[in-house]
Undergrad: 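My questions all concern the structure below.
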Amino acid sequence: MRNNRLLIGIITGIIAGSLLGGLNPDAGLAVHFIGHLFIKFLMMIVMPLIIAAMISGICRFGDVRKLGPLGFRTILYYLGTTAISVTTGIILVLMIHPGNLASETEQIEARGGIVLENAPYSIRDNTIILENSVLPDEYTSSYSVVLLDRNVKGTILFHRKNGNEHIEVSSWTQDNKPLTDLAVSGEGIAIDKLPAERFLQEERSITDILREVLTGLVPSNLFKAMAENDILPVITFSLLLGAVLSTLGEQGKPVVDFFNGLNEAIMKIVHLAMYAAPVGIGALIAGRLGEAGGFTGFLPELLRLGKYAFTVIAGLLIHSLIILPFILKFFGKTGITRFAANTTPALLTAFSTASSSATLPLTVECAEEKNGVKPRTAGFVLPLGATINMDGTALYEAVAVIFIAQINGITLGVPELAIVFLTATLAAIGAAGIPEAGLVTMVLVLKAVNLPIEGISLILAIDWFLDRCRTTVNVWGDSVGAKVIDRYVNS
Ligand code: ASP
């Protein structure tokens, strides 16, 4: 398909899908299965593509010793760009400070507490009596109670319901000074979680995380890894097989020819997938907006977390519109406009599927067919990039973790920021190229700086949207990387 026609098709699909799912969520949900079919089609070809592209790519180098410098440059590029993107994220979140919420009640709600603005209360013998039972049962000793109509806080000792709600308080404070007794009545209380109780004791060192990533490299069963779409171990196996085949000479030739042929055939299937992209992408967006309740369900959530979402998106834009184009121009000697236009089908697929792995077939197609990256480079660099080079995810993890700290009123010092920098980079490497994988590996970063995992629930509502944005940047980073590395390998 001609590039322009494809682009126009995809953009039309996106607009139609957004309008359909945004204005009529039910209709969006009804067409979601078409998008699901598109993802399944892409996932179906990912594993054979990786194996065939890597093995055939490696064998085309002719000499296995050339793999060393290629591998070294690839890892250097991945680590370098990921480090830059995490740094951008950290600087932005420290500057914008999205976790500074306007009022105390906003902060309490953000921490998962409960705010009852108009609840009448009376206090006798250090026991608050609420007229109606409104609190869930778990509100006991690990929480504090805030009297909203006066600047008083108390630590909950005991919570009992029998018609009325009785909350026994062990100690009161006003402006952080202890109060002995309170006998008042008023209106409006909030239940906040006490910081100390929210913290997890479980420590997890950087070495633990590193160990996990490294052991994940080797499959105990190749077919199990393939069946579970676990890309990294399949890459290890393909690398090994390709390297060994390239040293076998005549004996290995039939096998190499087989993989070359398989690679060609798979790329033809990818070509077919391109035709389905406009409809598939449109249906995925319609379905996801439908799931979020249309524009009216999604926009209030986005606005509620607006400052945080803005910080993530601003970081992603800086990385993808300033830093990566600079690297492409300076190191890849390639202009941005045409390169970006050629990569757009892959980028929009990344946005709609939220999966670098599912997008991989299109990433390879755009790099090889349109941007002139040699298949031997693309076959090596892109599958690896789809799993371990995640600039967008790394940036997002750093911003999200520091945001959660800010919401909890915790200031991270330079040593903690250094840990966030390291663990966010590792967590992004460890994240699979599937939807919301970054949210899961973020637990590592939170634990490393001893922040509450429940903090994740704060950002959950709009994560599906930010996931799409960061996945697009992940794929963009891989595509730029393939071009840059290709230049150095060929020269
Ligand atoms: N969905 C992302 C990807 O596939 C990973 C993430 O959750 O950040 O690249």
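The first residue of the sequence shown is numbered 1, and numbering continues consecutively from there.
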Undergrad: Has Thr334 got a side-chain atom pairing as donor or acceptor with Lys329's backbone, closer than 3.5 angstrom?
TA: no
Undergrad: Are the side chains of Leu412 and Ile402 in contact, using a 4.5 Å heavy-atom criterion?
TA: yes
Undergrad: To the nearest 0.5 Å, what is the distance between CZ (Phe421) and CG (Leu426)?
TA: 10.0 Å
Undergrad: Quick one: side chains of residues 261-269, donor-acceptor pairs under 3.5 Å with protein atoms, not counting sequence neighbours, listed by atom name and distance.
TA:
residue	atom	partner	partner atom	Å
Asn263	ND2	Ser56	OG	3.4

Undergrad: Report the distance from atom CG of Leu451 to atom CD1 of Ile407, rounding to the nearest 0.5 Å.
TA: 12.0 Å
Undergrad: Would you confirm whether Thr377, through its side chain, and Val373, through its main-chain N or O, come within 3.5 Å as a donor-acceptor pair?
TA: no
Undergrad: Which distance, rounded to the nearest 0.5 Å, do you find between the OG1 of Thr311 and the CG of Leu94?
TA: 10.5 Å
Undergrad: Does the side chain of Thr349 come within less than 4.5 Å of Phe38's, by heavy atoms?
TA: yes
Undergrad: Do the non-hydrogen side-chain atoms of Val234 and Ser238 ever get within less than 4.5 Å of each other?
TA: yes
Undergrad: Let me confirm one number: the CH2-CD distance from Trp464 to Glu291, rounded to the nearest 0.5 Å.
TA: 9.0 Å
Undergrad: Is there a side-chain contact between Gln406 and Val93 in this structure, where contact means two heavy atoms from C-beta onward sitting under 4.5 Å apart?
TA: yes
Undergrad: Does the side chain of Tyr77 reach to within under 4.5 Å of the side chain of Phe331, using non-hydrogen atoms?
TA: no
Undergrad: Taking only residues two or more places apart in sequence, or in another chain, which ones meet Phe339 in a ring-ring contact (aromatic ring centres under 6.0 Å, His included)?
TA: Trp476
Undergrad: With a 3.5 Å distance limit and no angle check, can you tell me whether Thr344 reaches the backbone of Ala341 through a side-chain donor-acceptor pair?
TA: yes
Undergrad: Write out all pairs satisfying salt bridge (charged side-chain N to carboxylate O under 4.0 Å, His left out) with one or both partners inside residues 336-347, taking only residues at least two apart or from two chains.
TA: none
Undergrad: Contact between Leu222 and Pro233 at the side-chain level, heavy atoms closer than 4.5 Å - yes or no?
TA: no
Undergrad: Is Arg470 paired with Asp463 through a side-chain N to carboxylate O contact shorter than 4.0 Å?
TA: yes
Undergrad: Tell me, with the steps shown, if Ile84 and Thr87 meet side chain to side chain contact (heavy atoms under 4.5 Å, CB included).
TA: CA-CA 5 Å; Ile84 295 173; Thr87 312; 5.6 Å; no
Undergrad: Assess Lys333 against Phe330: is NZ or CZ under 6.0 Å from the centre of the six-membered ring, and within 45 degrees of the ring's axis?
TA: yes
Undergrad: Between Thr363 and Asp478, is a side chain to side chain donor-acceptor pair (under 3.5 Å) present by the stated rule, with each step listed?
TA: CA-CA 8 Å; Thr363 319; Asp478 296 340; over 6 Å; no
Undergrad: A side-chain contact here means heavy atoms from C-beta on lying under 4.5 Å apart; do Thr353 and Arg468 qualify?
TA: no
Undergrad: Determine yes or no for a side-chain-to-main-chain donor-acceptor pair under 3.5 angstrom, with Asn474 supplying the side chain and Thr393 the backbone.
TA: yes
Undergrad: Among residues at least two apart in sequence or on other chains, which ones pass side-chain hydrogen bond (donor to acceptor under 3.5 Å, both in side chains) with Thr471?
TA: Asp467
Undergrad: What distance do Phe237 atom CZ and Phe223 atom CZ have between them, rounded to the nearest 0.5 Å?
TA: 7.5 Å
Undergrad: Determine whether a donor-acceptor pair (N or O, by modelled atom type, separation under 3.5 Å) exists between the side chain of Ser355 and the backbone of Gly433.
TA: yes
Undergrad: Taking the side chain from Lys483 and the backbone from Asn371, do they hold a donor-acceptor pair closer than 3.5 Å?
TA: yes
Undergrad: Tell me which pairs pass salt bridge (charged side-chain N to carboxylate O under 4.0 Å, His left out) where either residue lies in residues 388-406, with sequence neighbours left out.
TA: none
Undergrad: How far apart are the closest heavy atoms of Ala273 and Phe41, and which atoms are they?
TA: CB-CE2, 3.6 Å
Undergrad: Do any N or O atoms from the side chain of Thr247 and from the backbone of Val244 form a donor-acceptor pair under 3.5 angstrom?
TA: yes
Undergrad: Could you measure the distance from the CD1 atom of Ile485 to the CG atom of Leu382? Nearest 0.5 Å is fine.
TA: 8.5 Å
Undergrad: Determine which pairs satisfy side-chain hydrogen bond (donor to acceptor under 3.5 Å, both in side chains) with at least one residue from residues 215-235, sequence neighbours left out, and list them in order.
TA: none
Undergrad: What do the steps show when you test Leu42 against Thr359 for side chain to side chain contact (heavy atoms under 4.5 Å, CB included), and what is the final call?
TA: CA-CA 7 Å; Leu42 293 176; Thr359 310; 5.8 Å; no
Undergrad: In the structure I gave you, are the side-chain heavy atoms of Met442 and Ile404 within less than 4.5 Å of one another anywhere?
TA: yes
Undergrad: Is the Tyr275 ring parallel, tilted or perpendicular to the His271 ring (thresholds 30°, 60°)?
TA: perpendicular
